[in-house]
Amino acid sequence: MTDVHLRLEGELTIYTAQDMRQRLLQALSAADAPDALRLDLRAVTEADTAGLQLLLAARAHARARGRDVRFAGMAPSVESAIQLLGLEQAFADARDDLAPDGIGADLYAAARAGATASAA
């Protein structure tokens, strides 16, 4: 089973979500997409409804293809947005242990550079 760890950094808001959404969903749809994708959210500085929608859409997209997306290391900004919107239950079964340091790749930088992450 291929397991990939990606780290999101910076804002996960309406201003960044659309670009990140397209790249993330393309990566999850690729023939060589990982069986499991663990998103490290420790470095997300701001999250809003669009950002949370992106996370849930990525998980649904992966599940529809027999894959999984897990969320690790929820930053306070992500936790606050989840609680504010009453989405604790929607994220409850998607939480995972924090990826060890050194495994993660910076998804935001990779998305901007058009690169792909490597398997862990």
Testing the basics here: between [X] and [Y], what is the closest heavy-atom pair and its distance to 0.1 Å?
{"X": "Asp40", "Y": "Gly73", "value": "OD1-O, 4.3 Å"}
{"X": "Met20", "Y": "Leu8", "value": "SD-CD2, 3.3 Å"}
{"X": "Ser77", "Y": "Ala47", "value": "O-CB, 4.0 Å"}

Just so I know, are the side chains of Leu52 and Val78 near enough to count as touching, which here means a heavy-atom distance under 4.5 Å? yes
Less than 4.5 Å apart, any side-chain heavy atom of Arg65 and any of Ser29? yes
Could you grab the distance from atom [atom1] of [X] to atom [atom2] of [Y], nearest 0.5 Å is fine?
{"X": "Leu25", "Y": "His61", "atom1": "CG", "atom2": "NE2", "result": "5.0 Å"}
{"X": "Leu6", "Y": "Leu41", "atom1": "CG", "atom2": "CG", "result": "10.5 Å"}
{"X": "Arg21", "Y": "Leu12", "atom1": "CZ", "atom2": "CG", "result": "12.0 Å"}
{"X": "Leu55", "Y": "Leu87", "atom1": "CG", "atom2": "CG", "result": "10.5 Å"}

Does Ile82 share a hydrophobic cluster with Leu84, counting links as ILVMFWY side-chain heavy atoms below 4.5 Å and allowing steps through other members? no
Looking at [X] and [Y], would you say the former's side chain and the latter's main chain have a donor-acceptor pair under 3.5 Å?
{"X": "Thr16", "Y": "Thr13", "result": "yes"}
{"X": "Arg63", "Y": "Asp68", "result": "no"}
{"X": "Arg59", "Y": "Val69", "result": "yes"}
{"X": "Arg38", "Y": "Asp96", "result": "no"}
{"X": "Asp48", "Y": "Ile14", "result": "yes"}

Around atom CD of Gln89, are there more than 12 heavy atoms from other residues, nucleotides or ligands closer than 6.0 Å? no
Within a 6.0 Å radius of atom CD on Glu79, are there more than 12 heavy atoms belonging to other residues, nucleotides or ligands? yes
